[in-house]
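First comes the structure, then the notes that go with it.
Only a predicted model underlies this, so the values are computations on that prediction, with no experimental measurement involved. So you know, we letter chains A, B, ... as the sequences are listed, proteins then strands, and number each from 1.
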Amino acid sequence: EAQVTQNPRYLITVTGKKLTVTCSQNMNHEYMSWYRQDPGLGLRQIYYSMNVEVTDKGDVPEGYKVSRKEKRNFPLILESPSPNQTSLYFCASSVQGLNTEAFFGQGTRLTVV
Amino acid sequence: GENVEQHPSTLSVQEGDSAVIKCTYSDSASNYFPWYKQELGKGPQLIIDIRSNVGEKKDQRIAVTLNKTAKHFSLHITETQPEDSAVYFCAASSGGFKTIFGAGTRLFVKA
């Protein structure tokens, strides 16, 4: 089954404790992206990757890092989480990124206390 | 910067009625307009999309219209059913690697 898999689904952590949210897709998509979803703000892009070893900032990249060492994986790293990063996070992938359907993961609900 | 405004934020309709969600975009270079449906506890899923060379597209009970001059596009759901209850997002892309999403519309369909 074609899918985007995120882990964990739920995470509660403390301020400053480094964490990684994993994302994996099995559709051989070149393009992957991370979004955060906050009430009243919709989906805002954090980082995206056009292919292996090629990443770029989205609209809200501060406090986040990403890497793309393999085509199927695109982890999101929070080196020093803060309470304002409490949010619902989605990973997405698509064939090209240019005007094509995005396939989203199930989401990761992160709480930073 | 680029912006997509979506209205209304909440919409409640009676089963069988129609629902309309409207979006306005700011980047005149936008040429791809997808609509996503997000059910509770799930990620958004594409339900219909339209490209700038088309004014209207229909798929069963769902239709999307695009007015490039006014920079408006709308989602129309006819004969609504309880399973249509969800959050709907519009989005706009200009062919680059960024897609700008609207803030979302929570649709309630009352049985």
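Within the model, atoms CZ of B:Phe89 and CD1 of B:Ile21 stand 10.5 Å from one another, a figure rounded to the nearest 0.5 Å. To the nearest 0.5 Å, atoms CG (A:Leu76) and OG1 (A:Thr20) are separated by 8.0 Å. In this structure, A:His29 NE2 and A:Glu101 CD are separated by 8.5 Å, a value rounded to the nearest 0.5 Å.
Shortest non-hydrogen contact noted between B:Leu11 and B:Val20 is CD2-O, 3.8 Å.
With a 4.5 Å cut-off on non-hydrogen atoms, B:Pro44 touches chain A through its backbone and its side chain both. For A:Phe103, no part sits under 4.5 Å from any heavy atom of chain B, backbone or side chain. Of the two parts of A:Arg9, only the side chain, counted from C-beta on, holds a non-hydrogen atom closer than 4.5 Å to a non-hydrogen atom of chain B. With a 4.5 angstrom heavy-atom cutoff, A:Gln6 does not touch chain B via any of its atoms. Of the two parts of B:Tyr36, only the side chain, counted from C-beta on, holds a non-hydrogen atom closer than 4.5 Å to a non-hydrogen atom of chain A. Within the 4.5 angstrom heavy-atom criterion, atoms from both the backbone and the side chain of A:Gln106 approach chain B. With a threshold of 4.5 angstrom between heavy atoms, A:Leu41 approaches chain B through N, CA, C or O but not through any side-chain atom. Of the atoms belonging to B:Gln6, not a single heavy atom falls under 4.5 Å from chain A.
For B:Ser26 (side chain) and B:Asn3 (main-chain N/O), a donor-acceptor pair under 3.5 Å exists by modelled atom type. Side chain of A:Thr22 to main chain of A:Asn7: a donor-acceptor pair is present (N/O by atom type, distance under 3.5 Å, no hydrogens or angles).
Counting heavy-atom pairs closer than 4.5 Å to chain B, the top residue among A:Gly42, A:Ala92, A:Gly107 is A:Gly42.
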CA sep, side-chain torsions, deciding dist, call: A:Lys69, A:Glu53, salt bridge (charged side-chain N to carboxylate O under 4.0 Å, His left out) = CA-CA 6 Å; A:Lys69 293 183 171 57; A:Glu53 303 291 2; over 6 Å; no
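Between B:Lys37 and B:Glu39, at least one side-chain nitrogen of the basic residue sits less than 4.0 Å from a carboxylate oxygen of the acidic one, meeting the salt-bridge criterion.
A side-chain donor from one of A:Ser24 and A:Asn73 sits under 3.5 Å from a side-chain acceptor of the other.
The interface of residues 101-111 of chain B with chain A, defined by heavy-atom distances below 4.5 Å, comprises B:Phe101, B:Gly102, B:Ala103.
Residues B:Ile77 and B:Phe33 fall within the same hydrophobic cluster, defined by Ile, Leu, Val, Met, Phe, Trp and Tyr side chains chained together at heavy-atom separations under 4.5 Å.
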